[in-house]
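To keep things clear, I will list the structure first and then write my remarks on it.
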2 protein chains.
Amino acid sequence: MDVRKVERISKALSDPSRILILQQLREKEDCLYCHEISDFIDLTQPSISHHVKQLSDADLIFVVKEGRNVKYKLNSCILDEYVGFLNTLKG
Amino acid sequence: MDVRKVERISKALSDPSRILILQQLREKEDCLYCHEISDFIDLTQPSISHHVKQLSDADLIFVVKEGRNVKYKLNSCILDEYVGFLNTLKG
DNA sequence: CCAATACATTGATAGATTTCAATGTATTTA
DNA sequence: TAAATACATTGAAATCTATCAATGTATTGG
C-alpha cells in the first residue's frame, strides 16, 4: 500500500462522524442504508453524503445502488491492508 | 480506545511527511534525532517541528530530551491499540 | 559569561475541510 | 407522466491545517 493511499484512508478515519458510520456499519451487519445514517448522526443530508463520499473515495466502503436507495458495505480487505501497513511501521 | 483518540491518531497519520517520519523511525531502529529529519524531508525546521508535535500529541512517538538534542522514539503500543480498534470495525 | 547550536513557539498566509441551503438527477409510485 | 422519494452535487461561509519567516528558550563549548 502506497503512501497516498495510507494518507487518504487516514484522513477518512480522522472525523468522528465517519468513525461512527463505520462503527454502525458493523452493528448493522456490515450493511447500512443512507437514510439510516441520519438516525444516529445529527447532520443534514448533504453533510452525510459528503462523509460517505470520503469513506468511499478511500475505498473503506462499497457503495451499492438498489433502486432509489443506496446501500453501504464495509470493505474489510482495505482495512486489512491498512493494518498491514501500520504493522510494517513497527519494524 | 475512544473515538477522540482514534480521530487524533488518524489525523496524525494523514500527512505524507508524518508517514515518512514514522517510516524512517523504523529504518533508524526506532530512534531519530530532529536534525536527521531534515535530511529526508524538504521542509523548514519549524514545519518539521510542527509535524513532530502532531505525532507526539497523538502519542505515536515519545519525545526524549538529550542535552540540546531531542530524540524521537516510536510508541508501538499505541499503534497496537489503534490497530486493535480498527479490527473491531470488522465485527 | 558569550557565542553558537538545537529545537520550540508565534504570527501570518494560503489552501483544505466541514457544514448547510439550494438545486440537480435518477427511480418509483400513483 | 406527474409527484414524491432518495441521494448527489454545487456554492458559499466558517473553521482548521500546513507552511515559512521571525523570534524565543535551553544547553553546550570556548
Side-chain angles (χ1 to χ4, degrees), chain A residues 3-25 28 30-75, chain B residues 3-25 28 30-75:
Chain A
V3 173
R4 300 281 292 180
K5 187 87 188 165
V6 172
E7 200 185 325
R8 204 165 335 139
I9 293 175
S10 301
K11 196 159 292 177
L13 291 170
S14 72
D15 179 278
S17 299
R18 295 194 290 262
I19 294 172
L20 191 50
I21 290 172
L22 293 179
Q23 284 178 322
Q24 291 291 318
L25 214 48
K28 301 280 184 179
D30 294 341
C31 177
L32 255 186
Y33 288 92
C34 189
H35 65 272
E36 295 181 289
I37 295 177
S38 60
D39 292 344
F40 59 84
I41 292 188
D42 191 26
L43 288 176
T44 60
Q45 178 266 319
S47 296
I48 292 174
S49 188
H50 162 74
H51 287 304
V52 162
K53 186 161 168 43
Q54 301 306 105
L55 290 171
S56 80
D57 282 354
D59 296 323
L60 281 165
I61 60 176
F62 297 116
V63 176
V64 183
K65 264 203 110 173
E66 276 191 346
R68 67 181 156 185
N69 292 344
V70 177
K71 191 170 69 176
Y72 304 114
K73 285 179 71 59
L74 183 73
N75 180 1
Chain B
V3 173
R4 300 281 291 180
K5 188 87 187 164
V6 171
E7 199 187 326
R8 204 165 335 140
I9 293 175
S10 300
K11 196 159 290 176
L13 290 170
S14 70
D15 180 277
S17 298
R18 294 194 290 262
I19 294 173
L20 191 50
I21 290 171
L22 293 179
Q23 285 177 321
Q24 290 292 317
L25 214 48
K28 299 280 184 178
D30 295 340
C31 177
L32 256 185
Y33 289 91
C34 189
H35 66 273
E36 295 180 289
I37 295 178
S38 60
D39 292 344
F40 59 84
I41 292 187
D42 191 26
L43 289 176
T44 60
Q45 178 266 318
S47 295
I48 291 173
S49 189
H50 162 75
H51 286 304
V52 161
K53 186 162 169 44
Q54 302 306 106
L55 290 171
S56 79
D57 282 354
D59 296 322
L60 281 165
I61 59 175
F62 296 116
V63 176
V64 183
K65 264 204 110 171
E66 277 192 346
R68 67 182 155 183
N69 293 345
V70 177
K71 190 170 70 176
Y72 304 114
K73 285 180 71 62
L74 183 74
N75 179 2

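So that the names make sense, note that chain A is the first sequence line, chain B the second, and so on, each numbered from 1. Everything numeric here is computed off the predicted structure, so don't read it as measured data.
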Exercise for the section: With DNA chain C as reference, determine whether B/Val70 or A/Ser17 sits nearer its 5' end, using the nearest nucleotide of each. Expected result: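 Nearest nucleotide further toward 5': that of B/Val70.
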Taking all atoms of both residues into account, what is the closest heavy-atom pair of [X] and [Y], and its distance?
{"X": "A/Ile48", "Y": "A/Ile41", "value": "CD1-O, 4.2 Å"}
{"X": "A/Tyr33", "Y": "A/Asn69", "value": "CD2-CB, 4.1 Å"}
{"X": "B/Leu22", "Y": "B/Leu74", "value": "CD2-CD1, 4.0 Å"}

Problem - Pairs flagged by salt bridge (Lys or Arg N to Asp or Glu O under 4.0 Å) wherever residues 57-70 of chain B is involved - sequence neighbours left out - result: B/Lys5-B/Asp59, B/Lys53-B/Asp57, B/Glu66-B/Lys71
Completion exercise
A correct 5'-to-3' footprint of nucleotides 20-30 of chain D, with B, S and - meaning base, sugar-phosphate only and no protein heavy atom under 4.0 Å, is BBB---SBBS-
In whole angstroms, how far is the [atom2] atom of [N] from the [atom1] atom of [X]?
{"X": "A/His35", "N": "D/dA4", "atom1": "NE2", "atom2": "C1'", "result": "16 Å"}
{"X": "A/Asn69", "N": "C/dT29", "atom1": "CG", "atom2": "P", "result": "10 Å"}
{"X": "A/Ile48", "N": "C/dC20", "atom1": "CD1", "atom2": "P", "result": "9 Å"}

Completion exercise
One should read off an interatomic distance between B/Lys28 NZ and B/Tyr72 OH, to the nearest 0.5 angstrom, of 15.0 Å
Practice task
Determine whether more than 12 heavy atoms belonging to other residues, nucleotides or ligands lie under 6.0 Å from atom CG of A/Asp39.
Solution key: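 Atom CG in A/Asp39 is packed in, count exceeds 12.
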Practice task
For DNA chain D, find the residues of residues 50-57 of chain A with a heavy-atom distance under 4.0 Å and give them by number; none if there aren't any.
Solution key: A/Lys53
